[in-house]
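In what follows, a structure is listed as structure tokens, so that the remarks can point back to it.
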Amino acid sequence: MSMSLADVRFLFERMRGLFHRGMTSLRTRGWQATWQRVRRHWVSTPPPSARPLYRPAEAPFAPFAVPRADAPIASIVIPVYNQAHHTLACLRALAGHPPASPVEILVVDDGSSDETQGWMEQIDALRYHRRADNGGFIAACNDGAARAEGRLLVFLNNDTLPQPGWLDELVRTFDEHPDAGLVGAQLIYPDGRLQEAGGVVFSDGSAWNYGRFDAPEDPRYASLRDADYCSGAALAIPAGLFREIGGFDTRYAPAYYEDTDLAFAVRGKGRRVLYQPRSRVVHLEGISSGTDIRSGTKAYQVRNRHVFAEKWQAELSAGHLAPDQLPTPGLLARGKPQILLLDATIPQPDRDSGSLRLVNLMRLLIAEGAHVVFVPTEGSDAGRGLERLRALGVETWVEPFIGGMPAWFKQNGHRFDTVMASRHHVAAAALSLVRRHAARARFLFDTVDLHFLRESRAAELAGDGALVRAAAGTRQRELDLMARSDLTLVVSDMEQQLLRDLAPEVPVGLLSNLHEPVASPPGGTQREDLVFVGGFRHPPNIDAVRWFIQDVFPQIRARIPGIRFHCIGSDPPREILSLHGRDGVHIHGYVEDLDPYMDGARVAVAPLRFGAGVKGKINLSMAHGQPVVATTCAAEGMHLRNGHDVLVADDAAGFANAVVRLYQEPALWQRLSANGLENVHRHFSLDAARPTVREIFQLPRR
């Protein structure tokens, strides 16, 4: 592929950014830690491996049991007509990996003439109903729905092999999205290729199995999204809503288009139709009805398309794709503001405050009606971070599907209204690609924090001339980037004012940390000990913990014997790990669930001696009603007042005194707890940020 000037600029800026970051890291972290960081950028990410598909062992029929609850949440309705061996395999799959959700399984026999009745009657806990006459798929489904006891109806074809966890993901989707009215699974061919990632309906009533024959892991199909319809081979719908609609419309009898019609009816009731890729079901397409549309039940597909198009003519003509348009993620999100977010890596909100801010921003943007796309520019993470974004409905691209940033931008850039790049090295590298391939998009440079400010403070504390010069270089690069961006975002009013003084011509917006305050946090008497939270890839946290343990904590422990200090944060270096076990010191490293420490520790400490931006560790504690003792540096830009919602001290003796007072004075503890929580509600909650996010991203009011 030939390289454009924008491509060359991207590569140059990325190399330049890596060089400067590497030199700064050498000075602050040493060569070993720096080498580990460099390796993350250059060691290739292996392609995502297709998850193995579960298949129950084939064996002659023998009686077995399926799960059944006395008070089921979900009723799995399986309509069958002959094909007993496929029904048996489906039930064995359900029995082999029982759902965690309470269920009942109903097999509705539409007049089979093979072994179906003899086998089904021997399966323990199965609800088996044999219809008197063969009425077809729609009649069997409606019959089963009328007999179901669960609050959710789950329609499942008998020629399917549900994969472990499939049903729990469908149920969870309704819990996570109360506006959902119908949720469909990802359908997979037995060879592992994708069969359907939700359906697309064109303006003439014809339909498309989106993603057919592609990889299930392809980013186009791997995120939760709204779909025109979901196949009746595996879908869930609240039982009350199904009955309110009137069930599957019998005008489509015996089968075909009833599931598409149901999805349109669900939207007509103001509910969403969602495709859930975390729910995976292998479907042996064509087993039940064949594939020839000229004969058999399949022939009704042609007839019913016209029936469907006539019934929903108004809806189809109001914005559905034309039959000659190839569905793409951009086209499927038409009508929504499309926003691209860039950062170096997949955000991990359980590891650092910048990630938490970014993920909560995504949640806000989606809630405001935007379609959000995220691309990591320097690596991919196939773990929980990736799954978390896709579960939110963020279209998240990772290698090998990106194929390089220049190629990806060339193919996708035109669709975006806004591009936001976090951190100066990411923004500098991406800007040329955005200007060339996303020419109509506004470019937002999200500083996360002003890196030059943090670096200059670290240099001042260390008294290092080389660090001073490096910070000056970072300052110039950040200011140059701001001048070329449409808007620069900072996280505190202090940084906003600093930029107004340094570069008054630069448009600057304020988008601070984003948190969800806890409704009823525990009181002080229910808590004990001290806690610090912060990832150790961030040099200020290393210095803060070292200073606190060596100079501050011994003074506290002398006055409160037995008190413990819990230090939580990923990637602690050897010098921090070596402090574990010192009197009352517990170095936990990364902790998957922070809530026990946020709700269990009496006081949080933020002993940072340099840094910049807004400190997520303080927001996090205050969101849990946990009072904080902080340094001036840690508390700046957060609308905090000493003695009102925080205690501030900068020397070791003063910091220790503040911790002891807060730990031992219930009235002071309660005041700071309540006022800190109010501070988060007022300045750092998602609700507080909503008007700002609408303005920054130019979102229409809903």
Side-chain angles (χ1 to χ4, degrees), residues 74-75 77 137-139 141-142 144-146 148 150-155 170-171 173-185 196-210 224-276 300-301 303-323 325 327 331-336 366-369 371 393 700 702:
S75 297
V77 177
F137 180 83
I138 291 174
C141 286
N142 286 342
R151 64 175 175 85
L152 285 179
L153 292 173
V154 182
F155 294 101
L170 294 179
V171 173
T173 306
F174 287 99
D175 294 336
E176 294 174 349
H177 301 274
D179 56 350
L182 186 152
V183 181
E196 180 184 295
V200 177
V201 178
F202 297 101
S203 57
D204 65 349
S206 60
W208 174 288
N209 288 357
Y210 187 52
L224 179 84
R225 69 172 185 86
D226 289 274
D228 289 344
Y229 77 95
C230 294
S231 170
L235 67 79
I237 181 173
L241 178 61
F242 184 78
R243 290 161 186 151
E244 180 184 349
I245 288 170
F248 285 122
D249 193 333
T250 56
R251 78 183 73 186
Y252 301 103
Y256 287 103
Y257 268 88
E258 73 287 335
D259 47 8
T260 314
D261 178 271
L262 181 67
F264 275 58
V266 165
R267 270 191 299 275
K269 294 292 185 180
R271 306 285 284 274
R272 296 172 68 189
V273 175
L274 296 175
Y275 154 69
Q276 177 52 273
Y300 286 96
Q301 184 173 345
R303 189 208 75 171
N304 286 349
R305 169 188 156 190
H306 298 291
V307 174
F308 171 81
E310 182 178 354
K311 177 180 178 180
W312 297 102
Q313 181 178 4
E315 287 77 5
L316 291 171
S317 61
H320 280 259
L321 295 178
Q325 289 181 285
L331 281 176
L332 294 182
R334 66 196 179 281
K336 293 183 176 183
I366 292 170
E368 290 301 310
H371 179 73
R702 303 187 76 194

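Because only heavy atoms are used, hydrogens play no part in the values below, and waters and symmetry mates are left out as well, while side chains stay in.
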Would you sort out whether Phe242 and Leu262 count as a side-chain contact (heavy atoms from CB on, under 4.5 Å), showing the intermediate values? CA-CA 8 Å; Phe242 184 78; Leu262 181 67; 4.1 Å; yes
Ignoring hydrogens, what is the shortest heavy-atom contact between [X] and [Y]? Give both atom names and the distance.
X	Y	result
Ile245	Ala265	CG2-CB, 3.7 Å
Phe202	Ala322	CD2-O, 3.2 Å
Leu241	Gly181	CD2-O, 3.5 Å
Pro327	Leu332	CB-CD2, 4.2 Å

If you measure from [atom1] on [X] to [atom2] on [Y], what distance do you get to the nearest 0.5 Å?
X	Y	atom1	atom2	answer
Ile366	Leu224	CD1	CG	8.5 Å
Glu310	Asn304	CD	CG	12.0 Å
Gln313	Ser203	CD	OG	11.0 Å
Phe174	Leu182	CZ	CG	6.5 Å
Phe264	Asp228	CZ	CG	5.5 Å
Leu274	Leu170	CG	CG	10.5 Å

Step through it carefully: locate the ring centre of His320, locate the ring centre of Tyr229, and say whether they are under 6.0 Å apart.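 No, too far apart.
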Closer than 3.5 angstrom, by distance alone: can the side chain of [X] be matched with the main-chain N or O of [Y] as a donor-acceptor pair?
X	Y	value
Arg271	Ala180	yes
Asp259	Gly232	yes
Glu258	Tyr256	yes
Asn142	Phe248	yes
Ser75	Ala148	no
Asn209	Ala197	no

A quick test of your reading: do over 12 heavy atoms of other residues, nucleotides or ligands sit less than 6.0 Å from CD of Gln325?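 Enclosed.
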Out of Arg272, Arg267, Arg334, which residue meets the salt bridge (Lys or Arg N to Asp or Glu O under 4.0 Å) rule with Asp226?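 So the option named by the test is Arg272.
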Residue pair Gln276 / Thr173, side-chain donor-acceptor N/O under 3.5 Å: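 Result is yes, a qualifying pair exists.
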Between Asp261 and Tyr252, do the side chains contain a donor N or O and an acceptor N or O under 3.5 Å apart?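 A pair is found: one side chain offers a donor N or O, the other an acceptor, under 3.5 Å apart.
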Determine, step by step, whether Tyr275 and Tyr210 satisfy the ring-ring contact (aromatic ring centres under 6.0 Å, His included) criterion, reporting the C-alpha distance in whole Å, the side-chain angles of both residues, the deciding distance to 0.1 Å, and the verdict. CA-CA 11 Å; Tyr275 154 69; Tyr210 187 52; 8.2 Å; no
Apply the test side-chain contact (heavy atoms from CB on, under 4.5 Å) to residues Val154 and Leu235: give CA-CA distance (whole Å), side-chain angles for both, the deciding distance (0.1 Å), then the verdict. CA-CA 6 Å; Val154 182; Leu235 67 79; over 6 Å; no
